[in-house]
Peer 1: 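I'd like to ask you about the structure that follows.
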Number of protein chains: 4
Amino acid sequence: MTTPRHTASKRWTRQPEERPKQILDAALRVFCARGFAQTRMDDVARKAGISKGTIYLYFDSKTALLEALIERAMAPVATQLEAMAASAPEGPVAPLLQTMLELAATRLADPDVAAVPLLVIGEAGRFPHLAQHYRERVIEAGLGAITSLIQRGIRAREFRPLDPALAARSLIATVLLQAIWSTVFARPDDTPLHPHILAGQHVDIFLNGVKTEARR
Amino acid sequence: MTTPRHTASKRWTRQPEERPKQILDAALRVFCARGFAQTRMDDVARKAGISKGTIYLYFDSKTALLEALIERAMAPVATQLEAMAASAPEGPVAPLLQTMLELAATRLADPDVAAVPLLVIGEAGRFPHLAQHYRERVIEAGLGAITSLIQRGIRAREFRPLDPALAARSLIATVLLQAIWSTVFARPDDTPLHPHILAGQHVDIFLNGVKTEARR
Amino acid sequence: MTTPRHTASKRWTRQPEERPKQILDAALRVFCARGFAQTRMDDVARKAGISKGTIYLYFDSKTALLEALIERAMAPVATQLEAMAASAPEGPVAPLLQTMLELAATRLADPDVAAVPLLVIGEAGRFPHLAQHYRERVIEAGLGAITSLIQRGIRAREFRPLDPALAARSLIATVLLQAIWSTVFARPDDTPLHPHILAGQHVDIFLNGVKTEARR
Amino acid sequence: MTTPRHTASKRWTRQPEERPKQILDAALRVFCARGFAQTRMDDVARKAGISKGTIYLYFDSKTALLEALIERAMAPVATQLEAMAASAPEGPVAPLLQTMLELAATRLADPDVAAVPLLVIGEAGRFPHLAQHYRERVIEAGLGAITSLIQRGIRAREFRPLDPALAARSLIATVLLQAIWSTVFARPDDTPLHPHILAGQHVDIFLNGVKTEARR
DNA sequence: GATGAATGAGGCTTCATTCAT
DNA sequence: AATGAATGAAGCCTCATTCAT
């Protein structure tokens with residue numbers, strides 16, 4: 001068994017285009033694994049396969065790295081939520097809600113995706129502006145989209161009358177909390193709960209729970 | 001009748017016996033406000049009204065402080081959950097579930113109570129044993145208690161057949177996530193969402209969603 | 001030859017009263033020897049016989065150390081200059097000027113005293129406010145005191161008419177520059193130029209050069 | 001007739017031959033403005049309009065840059081001083097001294113010229129060989145030239161007997177110190193003291209102070 | 001020759017922990 | 001038991017220098 005030499009004999013290569021992405025990807029992993037405060041810039045650098053100083057060619061500080069990271073993760077979510085809310089097709093909203101929840105469950109089953117809200121939760125105390133930004137662009141946007149759909153359902157007598165904002169929380173909490181739990185409390189030997197199954201039954205309960213009472 | 005250990009030769013009146021509690025209370029507050037890593041022992045000391053060195057008379061390290069804190073918060077919850085599960089009265093479980101959820105909502109509305117799960121979530125990456133312990137004694141116990149009640153409801157045809165473990169998650173997630181959110185994303189000018197209202201409508205939706213279909 | 005054990009068996013002693021002075025003294029020496037930028041806090045600490053962290057119990061930063069140092073050195077000089085200017089006795093000013101110059105020469109012969117103006121000169125580029133403060137409190141005060149004495153001499157026909165401010169510069173420059181040179185360009189094997197001799201001849205030349213022309 | 005080394009295949013017009021001068025000029029400015037230690041190679045490069053790496057094609061290190069800089073500035077001064085000392089015309093030395101001082105004052109009024117002694121003063125602690133070299137080639141040469149002229153004046157009974165070496169210091173200190181002060185303590189809104197005026201009065205005082213007493 | 005991305009040693013500063021009082 | 005001065009290891013960040021392009 002020979003010791004494989006590295007195929008690249010160069011100590012490093014220029015990759016100014018790729019570096020920011022490499023660094024953010026690495027930072028997400030290590031911040032998530034150890035927490036922001038416990039992560040050393042060296043950890044990020046090693047994970048990205050570069051040297052410590054190189055990070056500072058692209059990001060001003062450790063904090064700037066965190067902010068860029070969260071900003072990057074937030075942007076597509078916020079965009080998609082707005083698009084969804086704007087383009088909901090006519091007709092009953094129940095199937096729509098089901099689709100959205102399953103989509104969310106699938107997305108959040110990816111640890112890299114679930115990592116970001118967790119980071120925000122963990123660092124909100126230290127970086128209130130981050131938390132506020134996340135709240136506005138993601139949480140309120142998401143809750144708003146769901147809330148308006150539920151409201152539509154109520155108006156159309158598809159659902160019985162109830163507070164649509166609270167109902168929206170009832171609908172999405174299970175999926176979100178599951179994402180948090182499976183990331184935080186995962187045990188190595190755990191069979192991960194398939195997100196579709198949980199989301200499926202939850203949506204079923206919810207829709208049964210909110211649907212207009214059968215004529216009496 | 002307390003046994004005074006010292007014969008009135010001291011000037012300070014605070015009893016050593018109260019110190020651990022004072023320290024833990026202070027630690028909970030500051031850990032929660034700034035996060036564990038960002039909190040200095042000086043912060044804890046100042047909050048407790050004592051000096052930094054004194055903490056080390058009662059706790060071996062900063063980590064030990066965190067562990068004691070979480071342990072202390074976990075104990076009564078675990079005890080109560082076990083008691084509930086053991087002593088559930090006969091009859092329909094729906095009112096029981098409602099009571100439990102409202103109790104949980106009320107408890108978690110206290111920031112000092114909600115702080116603990118948040119701490120665990122934030123530090124799980126660094127202290128896996130803490131996370132595991134919390135999972136076993138609180139999460140699994142709580143989910144177990146709810147699950148077995150739901151199972152009883154299903155057996156009694158009070159509820160339609162579904163996976164009781166998943167249903168338990170559906171039931172409690174809304175209340176827990178609300179506790180997390182209102183702690184993390186609270187805005188100073190926010191009217192806090194009264195926990196009873198959210199829990200009330202959520203339980204209503206849930207119970208309507210799981211109840212046996214009324215024969216029509 | 002035995003290895004002498006330290007008489008103090010304690011690793012350190014409490015000296016909260018003495019520390020600031022100890023630290024400033026040490027800092028003056030090492031800043032002067034190596035320059036501010038080239039000096040590590042470790043150097044200061046070692047010179048002061050304490051640990052690096054201790055410095056930060058008394059000074060906020062390396063820069064604060066420099067500022068405190070210069071402030072401390074400036075205060076007595078400024079005070080003395082003001083006192084001198086205020087309490088000059090009546091009569092001819094020539095002996096006064098001679099006394100002042102010799103005093104200045106003696107003072108500046110102490111390397112610890114000469115070090116401060118040198119520090120200011122070296123760091124003026126980085127700390128303009130320091131330079132400005134020094135200029136106002138020391139240089140302008142000193143020049144002002146000398147200038148007003150010379151003016152008195154001119155008014156009393158003791159000196160011939162000339163620009164007193166420029167004459168003040170002529171008078172003190174030699175002593176000051178000598179202080180700078182002997183600090184900067186000192187060679188170990190140099191016999192130091194005795195300040196009194198230089199100052200003595202310089203004042204003699206100066207006073208001869210400014211005295212009223214013998215009646216013609 | 002210059003020999004073009006490249007056959008017009010390059011786009012840039014700056015000749016490599018000019019680079020060292022460009023770099024040294026830039027370095028002088030920024031070293032003077034911020035001090036040697038506080039100046040980054042990037043600063044020098046930007047000032048020179050080239051890139052950081054290019055400096056290393058011409059100079060081995062930052063220190064080499066400083067040394068080359070000072071060496072370059074020293075050479076003409078040393079040469080001129082030697083020439084002056086060698087070719088002093090016969091007759092009274094007073095006009096000669098006056099000319100030299102005014103020349104020095106004029107030269108030192110150029111901040112780029114005054115910058116060099118200041119740099120040497122500031123970095124003498126770190127680069128003793130620089131200081132020694134400067135002392136030998138500039139200071140001792142300059143003092144020597146003046147000293148020997150004064151000695152000539154004493155021998156010719158133009159001046160009264162005094163220590164010519166100390167008198168030389170008395171003569172030049174005012175001009176040098178003024179150069180230092182105006183560079184270090186310059187205020188933006190200051191009308192700079194015209195060097196000729198200061199030097200003029202100083203030389204007048206000095207020559208009056210050293211001239212043989214008019215028999216009365 | 002020129003560039004500027006990449007490196008990594010080094011310094012300031014923080015803070016958990018110790019210990020003399 | 002309590003204090004808080006003192007310690008020193010550890011981490012963020014800078015920047016002189018190198019080197020692939």
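Lettering follows sequence order; numbering is per chain, from 1.
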Peer 1: What is the distance from CZ of D:Arg40 to C1' of F:dC13, rounded to the nearest Å?
Peer 2: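 These atoms are roughly 13 Å apart.
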Peer 1: Now, which nucleotide makes the Watson-Crick or G-U wobble pair with F:dA10, with each of the two distances under 3.5 Å?
Peer 2: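 Here F:dA10 is engaged in a pair, and the nucleotide opposite it is E:dT13.
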Peer 1: Quick one: do the C:Glu67 and C:His129 side chains pair a donor with an acceptor below 3.5 Å?
Peer 2: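 The answer is yes; a qualifying pair exists.
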Peer 1: With heavy atoms under 4.0 Å as the rule, sort A:Tyr58 into base, sugar-phosphate or nothing.
Peer 2: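 Sugar-phosphate, no base atom in range.
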Peer 1: On DNA chain F, compare the nucleotides closest to A:Thr39 and D:Gly53; which residue's is nearer the 5' end?
Peer 2: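 Final value for this comparison: A:Thr39.
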Peer 1: What's C:Thr63 touching, base or sugar-phosphate or nothing? Going by heavy atoms closer than 4.0 Å.
Peer 2: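 Nothing, no nucleic acid heavy atom in range.
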Peer 1: Check the distance between F:dG4's P and C:Gln15's CD and give it to me in whole angstrom.
Peer 2: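 Atom-to-atom, C:Gln15 to F:dG4, this comes out as 18 Å.
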Peer 1: How far does OH of A:Tyr58 sit from CD1 of A:Ile50, to the nearest 0.5 angstrom?
Peer 2: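 These two atoms lie 8.0 Å from each other.
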Peer 1: Between B:Asp43 and B:Lys47, does any NZ, NE, NH1 or NH2 come within less than 4.0 Å of an OD or OE carboxylate oxygen?
Peer 2: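 The answer is no: the pair does not qualify as a salt bridge.
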Peer 1: Can you tell me the distance, in whole Å, between the CD1 atom of D:Ile55 and the C1' atom of F:dC15?
Peer 2: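 So the CD1-C1' distance, D:Ile55 to F:dC15, works out to 13 Å.
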Peer 1: Round to the nearest Å and state the distance from A:Asp43 atom CG to F:dC12 atom P.
Peer 2: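 Spelled out: CG on A:Asp43 to P on F:dC12 is 8 Å.
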Peer 1: Pick the nucleotide of DNA chain E nearest each of D:Leu57 and A:Ile50; which residue has the one closer to the 5' end?
Peer 2: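 Its nucleotide being nearer the 5' end, the pick is D:Leu57.
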Peer 1: Could you check which of E:dC12, F:dA16, E:dT7 has an atom nearest any side-chain atom of D:Lys52?
Peer 2: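 Of E:dC12, F:dA16, E:dT7, F:dA16 is nearest to the side chain of D:Lys52.
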Peer 1: Using whole Å, what does the distance between atom P of nucleotide E:dA16 and atom CZ of B:Arg126 come to?
Peer 2: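 It is 10 Å, rounded to the nearest whole Å.
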Peer 1: Could you give the CG-to-C1' distance, from C:Asp42 to F:dA9, as a whole number of Å?
Peer 2: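 Rounded to whole Å, this separation is 12 Å.
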Peer 1: Does B:Arg29 pair with B:Asp25 as a salt bridge, N-O distance under 4.0 Å?
Peer 2: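 No salt bridge links B:Arg29 with B:Asp25.
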Peer 1: Check the phosphate of E:dA5 against A:Thr54, side-chain N and O only, distance under 4.0 Å to OP1 or OP2. Yes or no?
Peer 2: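 No, A:Thr54 has no side-chain N/O under 4.0 Å of OP1/OP2 on E:dA5.
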Peer 1: Could you give the CD-to-P distance, from B:Gln38 to E:dC15, as a whole number of Å?
Peer 2: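 It is 10 Å, rounded to the nearest whole Å.
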Peer 1: Is the distance from OP1 or OP2 of F:dT3 to the nearest side-chain N or O of C:Arg14 less than 4.0 Å?
Peer 2: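 Answer no for this pair, as no side-chain N or O of C:Arg14 is under 4.0 Å from OP1 or OP2.
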Peer 1: Taking only the side-chain heavy atoms of B:Met41 (C-beta and beyond), determine which of E:dT17, E:dA5, F:dC15 contains the nearest atom.
Peer 2: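 In terms of side-chain proximity for B:Met41, the closest of E:dT17, E:dA5, F:dC15 is E:dT17.
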Peer 1: Across all strands, who's sitting opposite E:dT21 as a Watson-Crick or G-U wobble pair, both distances under 3.5 Å?
Peer 2: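 Pairing partner, where one exists within any strand: F:dA2.
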Peer 1: Please report the interatomic distance CG(C:Leu57) to CZ(C:Arg19), rounded to the nearest 0.5 Å.
Peer 2: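 Nearest 0.5 Å value for the CG-CZ distance: 9.5 Å.
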Peer 1: Mind calculating the distance between OH (D:Tyr56) and P (E:dA6) to the nearest angstrom?
Peer 2: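 Rounded to whole Å, this separation is 18 Å.
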Peer 1: Quick check on E:dT3: is either OP1 or OP2 less than 4.0 Å from any side-chain nitrogen or oxygen of D:Ser51?
Peer 2: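 Yes.
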